[in-house]
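Beneath this line is the structure, given in structure tokens, with notes to follow.
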Amino acid sequence: MQAFSNERGLPIVEAMIRTIQDNKTHLSEIDGMIGDGDHGTNMNKGFTLCEERLQAMDASFLEGLQVLGDILFSEIGGSMGPIYGTIFMEMAGAVKTPSRIDEHAFLAMLEAGIAGLDEIIEAKVGDKTLMDVLLPARDAFSGAVRDGKDFRQALDDMVQACVAGRDATVGMVARFGRSSRLGERSRGVLDAGAASCCLLLQAMAKGINELLEDV
Amino acid sequence: MQRIINRPDYVVEDMLKGFLKAHSDLVVATSNSRVVRAVGDTEGRVGVVTGGGSGHKPAFIGYLGRGMVDAVAVGEVFSSPTAGAFLDAFREANGGKGVACLYGNYSGDNMNVKLAMKMAKREGIEIRTVVANDDVASAPKGQSEKRRGVAGEILMWKVGGAKAASGATLDEVIAVAQKAIDQTKSIGIGLSPCTLPAVGHPNFEIQEGTMEVGIGHHGEPGIAVHTLESANVMAEKMLDVILPDQPFSEGDEVAVLVSGLGATPVMELYILFGEVEEKLKEKGIRISRSYVGNYFTSLEMMGVTLTLMKLDDELKACLDAEADTVGLKSFPGKHSV
């Protein structure tokens with residue numbers, strides 16, 4: 001069985017922060033095509049604040065996620081603050097005995113993040129939102145675990161589903177959020193939330209991969 | 001950009017600094033820099049909270065004060081306040097009898113309010129909401145859950161705030177605020193776009209010589225783009241959409257709110273109001289309360305929103321009750337028409 005140490009897992013959160021910082025302009029450009037063009041800037045603001053706060057503490061992986069969630073909740077408004085704030089806070093609170101995180105614990109975290117989101121948004125797969133990445137990612141990961149694949153393979157399956165889900169938003173008409181008011185005009189471009197969600201899950205998978213140990 | 005600003009990324013902070021100084025008789029800062037509250041307390045009565053993105057002055061903080069709103073969560077320009085700001089606004093407005101959160105139907109606001117409510121519940125603060133959806137152009141009739149809130153929110157705050165000030169229960173405040181917004185329909189016309197200071201260029205267009213009927217408060221697309229017409233025709237086009245929606249009919253008594261979107265001369269708002277009054281009179285609909293001015297703006301957008309509220313005795317009493325805010329003042333025993 002494979003797992004990673006929660007205690008030494010902060011590099012995963014740092015990788016997530018870095019991918020948002022590196023893709024700030026890209027995310028704002030995508031958003032600018034059918035939204036108000038501030039997605040990259042907003043996300044970068046929250047994730048960079050988190051980076052600063054984490055530098056002043058010696059946090060574990062789950063504590064890092066909790067800090068990230070808290071900052072998005074209290075500092076970032078709009079739609080992305082509450083969405084990502086909920087995901088990360090719920091994920092951080094989902095593992096009860098967090099010394100080592102295996103694929104079952106990680107699946108529980110994904111499930112908790114999605115359950116938290118269900119309380120605040122109604123978007124489904126096909127609505128051109130980050131749900132088009134998050135739900136297929138969870139399904140791919142849980143399917144892999146059910147089929148007896150190991151953590152590493154399950155993460156690979158998850159990343160493939162993320163990319164496919166993100167790319168599928170190009171062909172969709174937005175049915176949720178501000179871009180939904182554009183109707184047909186929203187077709188033909190990526191959804192910015194799906195793009196950032198894909199980046200974050202990719203960074204998470206890569207970060208976990210580097211820390212996985214056979215136990 | 002011909003603007004009076006210091007730093008494009010800090011227009012909200014800089015605006016709040018001036019607002020709090022200018023209106024220190026009515027509003028005070030709180031420990032959260034994105035929450036402003038009315039002077040005075042809500043001890044023993046229902047508190048009223050609202051919140052939304054900045055750029056709509058005098059909404060939202062301009063309606064803080066006696067008889068209207070007790071605390072406001074302030075967002076970035078055209079962007080929902082954080083869940084944390086809504087939560088702190090709930091705490092500020094809580095006087096032990098619960099809090100009515102009366103806000104507009106936008107996805108960001110919906111999420112942040114829901115999250116904040118969840119947190120407030122853990123602290124034992126009872127929160128109930130009414131979500132304004134008066135913009136008839138934002139979704140067809142029958143899909144009112146998709147409609148946005150626009151200038152009609154002001155009348156909802158006035159009515160809900162008056163009820164709360166009278167010592168009513170949370171149930172009563174929520175019921176009358178819900179009735180207020182259910183009886184209220186709005187539509188906008190846009191003549192020119194607006195520019196977010198931090199962006200520097202408009203993110204939508206309205207061609208010279210055209211008008212967009214049904215435009216939203218953030219430039220959301222309307223239902224039709226027409227050649228620019230006279231105030232007379234504009235009034236007709238707006239009423240053609242609003243009147244069947246309620247429906248308003250002969251013998252009704254209404255409140256009318258005509259709000260500029262920021263850059264339209266107030267003179268022109270009166271020209272439009274005159275046309276609206278005449279057309280309503282022809283249909284046997286009597287305006288018994290009227291509000292004309294820049295009540296709910298969208299930065300420097302040119303254009304106007306027209307709001308009609310179908311009145312009954314309870315709504316009239318609430319509109320006439322005392323209120324003392326930057327954006328709206330009301331003296332008992334007097335009303336405008």
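Throughout, a chain's letter reflects where its sequence line sits, starting with A, and its residues are numbered from 1.
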Atom CE of B:M111 and atom CE of A:M80: how far apart are they, to the nearest 0.5 Å? 7.0 Å

Measure A:M89 against the heavy atoms of chain B and call it side chain, backbone, both or neither at under 4.5 Å. side chain

Give a yes or no on this: more than 12 heavy atoms of other residues, nucleotides or ligands lie within 6.0 Å of atom CZ of B:R3. yes

Assess whether atom CD of A:E7 is packed by more than 12 heavy atoms of other residues, nucleotides or ligands within 6.0 Å. no

Which bit of A:E122 is near chain B, if near means a heavy-atom gap under 4.5 Å: side chain, backbone, both or neither? side chain

Output all residues satisfying salt bridge (Lys or Arg N to Asp or Glu O under 4.0 Å) with A:E103, sequence neighbours left out; order by chain, then residue number. none

Counting only heavy atoms not in B:K17, do more than 12 sit closer than 6.0 Å to its NZ atom? no

Pairs touching residues 51-61 of chain B that satisfy side-chain hydrogen bond (donor to acceptor under 3.5 Å, both in side chains), sequence neighbours left out: B:H56-B:H218

Which residue, B:N110, B:T82, B:L115, forms the side-chain contact (heavy atoms from CB on, under 4.5 Å) with A:P82? B:L115

Pick whichever of B:G216, B:A83, B:S79 has the most heavy-atom pairs under 4.5 Å with chain A. B:A83

Which one of A:G77, A:S79, A:G78 has the most heavy-atom pairs closer than 4.5 Å to chain B? A:G78

For B:E13, does the CD atom have more than 12 heavy-atom neighbours from other residues, nucleotides or ligands under 6.0 Å away? yes

Nearest 0.5 Å, please: how far is NZ in B:K118 from CD1 in A:I120? 8.0 Å

Going from CD on B:E76 to CG on A:D38, what distance comes out if it is rounded to the nearest 0.5 angstrom? 9.0 Å

